[in-house]
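See below for the structure under consideration.
Letters A, B, ... are given to chains in the order of the sequence lines, protein chains preceding strands, and every chain is numbered from 1.
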Amino acid sequence: MEEMDKVYNPSFEKRIYEKWMRGKYFEAHVNPEKEPFTIMMPPPNITGQLHMGHALDETMQDILTRFKRMNGYEALWLPGTDHASIATEVKIIEKLKEEGLTKEEIGREEFLRRAWQWKEQYGGRIVEQLKGLGVSCDWSKEAFTMDENLSSAVKEVFVKYYKKGLIYRGSRIINWCPECKTALSDAEVEYEEQQSNLWYYKYPIKGEDDAIVIATTRPETMLGDTAVAVNPKDEKMAKYIGKTVVLPLVGREIPVVGDDYCEIGFGTGAVKITPAHDPNDFELGLRHNLPIIIVIGEDGLMNENAGKYQGLDRLAARKRIVEDLTALDLMVKIEPYAHNVGTCYRCGETVESLVSKQWFVKMKPLAEPAIKAVQTKKTEFIPQRFEKIYYNWMENIKDWCISRQLWWGHRIPAYYCDDCGEMVVSKNDVDVCPKCGGKMRQDEDVLDTWFSSALWPFSTLGYPKKTKNLSYFYPTTALVTGYDIIFFWVARMIFSGIEFMGEPPFSDVIMHGLVRDAQGRKMSKSLGNGIDPLEIVNNYGADALRFSLINGVAPGSDTRFSKEKIESCRNFVNKLWNASRFVIMNIKEDDDLTMPTRLNGADKWILTRLNDVIKEVTVNLNKYEMGMAAAKLYDFTWSEFCDWYIEMSKNALYSDNKAQHNHAVSMLVYVLTEILKLLHPFIPFVTEEIYSKYSNGRVLMVEEWPTFNKKFVFRKEEANFEGLKEIVVAIRNIRNEMNVAPSKRVNAYVIAKDEKFIASAVTYLNKLAGVGDVKFVKSKEEISERTTAVVTHDAEILIPLGELIDEKKEIERINAEIAETEAIIKKTQALLANTAFVAKAPQKLVDNEREKLEKAQDKLEKLKDKLNMFA
RNA sequence: GGAGGCUUAGCUCAGUUGGUUAGAGCACUUGCCUUACAAGCAAGGGGUCACAGGUCCGAGUCCUGUAGUCUCCACCA
């Protein structure tokens, strides 16, 4: 057998990944014999650098994919990257800026050339980073949201929506980022609280010596005011309805209107209305037929409608207007005020609301079936609580602004004729106007990046072509992603899938939380507390990283990443490594490694435990409870296989008796192999590497997942060995307390119910508890030496320790044990005295309690006897 | 304003449909270089499961309320 390093060193990971790639084990093909299992990887942005969130996301998907693959599914995990329209464009503009250039200077064509160059460079990099995590995805199907086929899917979908009347173009109030110079959807705006002021100032009433005081956080928008609103039910203010006020600084006469929107008791009871620059005002303007006057341009500067303030930045204009109003003695007061300000999710600039002509998707008709799909459980959120977030959004959804004033992305397939004004929406380029024969030009804008990601589950499989892959792998099985992306992506995939494929794109949406730093803070660039997964992979190995992200984490909840955690997982991998090393180095040339047919008690015990673990872990994984599955495997591997079974096998393993040795080693190999298979989805590299040392070229990742086998369940032996473990622990405890040197053997007298079993286990007592000779007796009277006793359910072990016994200490110890036992007796008696319990609780539970009481009473008697010996 | 999560050992967290004496890792105490592993082995200490009620034979688990804390959504000028 091959030599293994004494300490686990993950340097083999790259080699293992190449082996998998060479074997094409990741590739999935249409196979009617098998049931498909499909996961679409959430495509990372090509701007990206792999972060901990990706590491968690990919690990979960890889666990599921490998698990299902081993379970005989045709498992497809399709990877890819996202062009990330706005995010990438921002990056490229930044880079241009370093060269002293703007995108306008280099022009669209050159800009796109650079964008594609960026894609080649950084898209490739993130793919390499993913591979370092061990992802078993089918790279032969790797997709990019701007691939030719995916682009044709986008056009197809756009045209279909348009023909159905679900896409329209119109002037609406939208979110505008003055920095990125593009429209944004509602989901792309993030709100943050900012300290500002509430300015109170007067709007004089025309022809009267009176004025309405209004309050606003945005004085600069007053230039675009076209009304003042008061609540008609407001006794104090209603009298103003119908009057006209003269807009200060501007001189425009605007009406006072009555509308419920103005809340009684807030501010002054009167609101200035700027339909062009506030969504609520826009709605109110529609209700009251108010004109829309745009005063802030797309560059964030005051425009020609702003009079003398034209050209000023919004904030500068605000300052000047406040000064001017004060000079006119119209300013009443200025109060400090905290309010939420919308910011661009990409560049952080304060977002402006403004009226602009854009493309929209009509959401109501699409949202309805999407809500229903979740209600009828065609798609389930895991954990379920996330569906509430989904419903909340879908039920209150507004039309989706999909046009972006950017260059990098899918260009909107709409064509305009400047001669006659005709517009054509078409999958194919249109050069000539079908109406007047004039020249057509394509819409300058591109689509929201999420428009194409919404099609990901089917565009990657060939849509709009009716491919075999599409009909076999769609709908997909599971989507794994963070809860922060429900609106952007999950919701939009669901309605797109239903609309174009007739079925929701996946049956399970598995949500995971955020990976936070050791203090529980969100990892972020600005805080500088981000941890680079690649660095962790280099220092500890991808397996340790994967395990630390999964182990013991409850579904959907955030986790912390800490040095302690990664170290303890690395230690676990090392433990597995060394246990395997031990087993492998004890394999001899002529050993037959097939599992023995005659099993001894210890074998039966470990096989029973193994089978229970197989059953539980399989159930957990099928329910996507990866954290629990990992924890169980950790525990079984370390605390049962390593701590007990390997130790118990050593005598036979080292035996000169060839058959005995062979029995031990083949059992160890069997159990180890099952463990490697079970752990493989979690820690694929190290398990594959270990397996390769003795598998004669077989590859672990394509082995079959272990199944529960009734034939290997032996409840009696299991109970016997649990009892034996208890005895061993109790003896060790006594030795420890009595300060018996670890090397010193102690003899023991045993009074046992099942003498035969203990007799068969004497070798384990020798090995594990440092026991020398064992003598079976029927009662204490047969023993003349002074002894200390270990009392368990199954047996009483009396250990002569001679002068080592510190009587005082021993009495203390026994008294403590008596107290503990009495407490159990008291509690159990009380429970059994409760007639309602006996009548209503399951019989098995009642029996258990009775048995427990009996055992405790028995034990108490023995303990008291023992105490009497000292009295 | 609306919704949801969390509160369990010193710290970080598990705890699957209510059912033995509530678990793990780290930290801590004691003893060990025992021929797989000191990234280890053995033994041990440490918890009124936030609080108050309720349902039930039985509650960390279900219900109601309170407090603290975090997040999401909406956004009232």
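Ion pair A:Lys233/A:Asp260 flagged as a salt bridge, since at least one NZ, NE, NH1 or NH2 atom sits closer than 4.0 Å to an Asp/Glu carboxylate oxygen. Between A:Lys855 and A:Glu851 there is a salt bridge, since a side-chain N of the basic residue sits under 4.0 Å from a carboxylate O of the acidic one. Taking the charged nitrogens against the carboxylate oxygens, A:Glu352 and A:Arg218 do have a contact shorter than 4.0 Å, which makes a salt bridge. Between A:Asp612 and A:Arg715 there is a salt bridge, since at least one side-chain N of the basic residue sits less than 4.0 Å from a carboxylate O of the acidic one.
Residue contacts shown for A:Asp281 are absent, as no nucleic acid heavy atom lies under 4.0 Å away. A:Lys827 comes within 4.0 angstrom of the backbone, heavy atoms only, and of no base. A:Asn392 comes within 4.0 angstrom of sugar-phosphate atoms only, judged by non-hydrogen atoms across all strands, and of no base. Residue-level contact check: A:Tyr624 touches neither bases nor backbone, having no heavy atom under 4.0 Å from any strand. Contacts of A:Ser562 with the nucleic acid, taken as non-hydrogen atoms under 4.0 Å apart, are absent. As judged by a 4.0 angstrom heavy-atom cut-off over every strand, A:Glu564 is placed among residues touching the sugar-phosphate backbone only. If you check every strand for non-hydrogen atoms under 4.0 Å, A:Tyr634 touches sugar and phosphate atoms only. As judged by a 4.0 angstrom heavy-atom cut-off over every strand, A:Ala554 is placed among residues touching the sugar-phosphate backbone only. Counting any heavy atom pair closer than 4.0 Å across all strands shown, A:Pro842 reaches a base atom.
When Watson-Crick and G-U wobble pairs are counted only if both distances are under 3.5 Å, B:rU35 pairs with no nucleotide at all. Partner assigned to B:rU12 is B:rA24, using Watson-Crick or G-U wobble distances below 3.5 angstrom. Across all strands shown, B:rA77 forms no Watson-Crick or G-U wobble pair with both key distances under 3.5 Å. Base pairing analysis places B:rU64 opposite B:rA52; the two distances defining the Watson-Crick or G-U wobble pair are each below 3.5 Å. Under the Watson-Crick and G-U wobble criteria, each requiring two contacts below 3.5 Å, nucleotide B:rG45 is left unpaired. For B:rC72, the paired base is B:rG2 (Watson-Crick or G-U wobble, both distances below 3.5 Å).
If you measure from atom CD of A:Gln194 to atom P of B:rC75, you get 17 Å, rounded to the nearest angstrom. Across the protein-nucleic acid pair, A:Ile690 atom CD1 and B:rA36 atom P stand 17 Å apart, rounded to whole Å. Atom OH of A:Tyr483 and atom P of B:rC73 are 11 Å apart (whole Å). Residue A:Asp225 contributes atom CG, which lies 11 Å from atom C1' of B:rA77 at whole-angstrom precision. Atom-to-atom, CZ of A:Arg560 to P of B:rG25 comes out at 20 Å; the value is rounded to the nearest Å. Distance A:Glu726 CD to B:rU21 P: 15 Å, rounded to the nearest Å. Straight-line distance from the CZ atom of A:Phe547 to the P atom of B:rU12: 22 Å, rounded to whole Å. As rounded to whole Å, 6 Å separates atom C1' of B:rC72 from atom CD1 of A:Ile389.
Here the separation of B:rU12 from B:rA27, taken at their P atoms, is 15 Å to the nearest Å. A gap of 13 Å separates the C1' atoms of B:rA24 and B:rU8, to the nearest Å. The same atom, P, is picked in B:rU71 and in B:rC76; the two are 22 Å apart, to the nearest Å. For the P atoms, the distance linking B:rA59 with B:rA50 amounts to 15 Å, nearest Å. Taking atom P on both B:rC13 and B:rC6, the two are 13 Å apart, rounded to the nearest angstrom. B:rC11 and B:rA3 have their P atoms separated by 32 Å, given to the nearest Å. Comparing the same atom, P, in B:rU21 and in B:rG58 gives a spacing of 15 Å after rounding to whole Å. Taking atom C1' in both B:rG15 and B:rC49, the straight-line distance is 11 Å, to the nearest Å.
Distances from the side chain of A:Glu263 to the nucleotides B:rC75, B:rC32, B:rA77 place B:rA77 closest. When distances run from any side-chain atom of A:Ser557 to the nucleotides B:rA77, B:rC73, B:rA14, the shortest one goes to B:rA14. For A:Ser568, counting side-chain heavy atoms from C-beta on, the closest listed nucleotide (B:rU12, B:rC26, B:rA36) is B:rC26. Side-chain atoms of A:Lys565 lie closest to B:rU12 of the nucleotides B:rU12, B:rA77, B:rC26. For A:Tyr261, taking side-chain heavy atoms from C-beta onward, the closest of the listed nucleotides B:rC72, B:rA74, B:rC76 is B:rC76. Of the candidate nucleotides B:rA36, B:rC75, B:rA77, B:rC75 has the atom nearest to the side chain of A:Tyr191.
For B:rA36, one of the phosphate oxygens OP1 or OP2 lies less than 4.0 angstrom from a side-chain nitrogen or oxygen of A:Tyr654. Between B:rC76 and A:Asn280, a contact under 4.0 Å exists linking OP1 or OP2 to a side-chain N or O. Taking only side-chain nitrogens and oxygens, A:Lys398 comes nearer than 4.0 Å to OP1 or OP2 of B:rC75.
Going from atom CG of A:Leu621 over to atom CG of A:Leu633 covers 8.0 Å, rounded to the nearest 0.5 Å. Taken to the nearest 0.5 Å, the SG atom of A:Cys642 stands 9.0 Å off from the CG atom of A:Leu672. Distance check: A:Glu854 CD to A:Asp858 CG gives 8.0 Å after rounding to the nearest 0.5 Å. We find the CD-CH2 distance between A:Glu335 and A:Trp199 to be 12.0 Å, quoted to the nearest 0.5 Å.
Heavy-atom nearest nucleotides on RNA chain B were determined for A:Asp186 and for A:Tyr337, and the one closer to the 5' end corresponds to A:Asp186. Nearest-nucleotide mapping onto RNA chain B: of A:Thr828 and A:Arg385, the residue sitting toward the 5' end is A:Arg385.
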Checklist entry - What string of B, S and - do you get for nucleotides 37-49 of chain B 5' to 3' if you count protein non-hydrogen atoms under 4.0 Å? => result BSBSSSSS-----
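A cation-pi arrangement, defined by a distance under 6.0 Å to the six-membered ring centre and an angle within 45 degrees of its axis, is absent between A:Lys575 and A:Phe641.
Judged as a side-chain contact (heavy atoms from CB on, under 4.5 Å), and not counting sequence neighbours, the contacts of A:Val729 are A:Trp644.
The ring of A:Phe488 has its center closer than 6.0 angstrom to the ring center of A:Tyr345.
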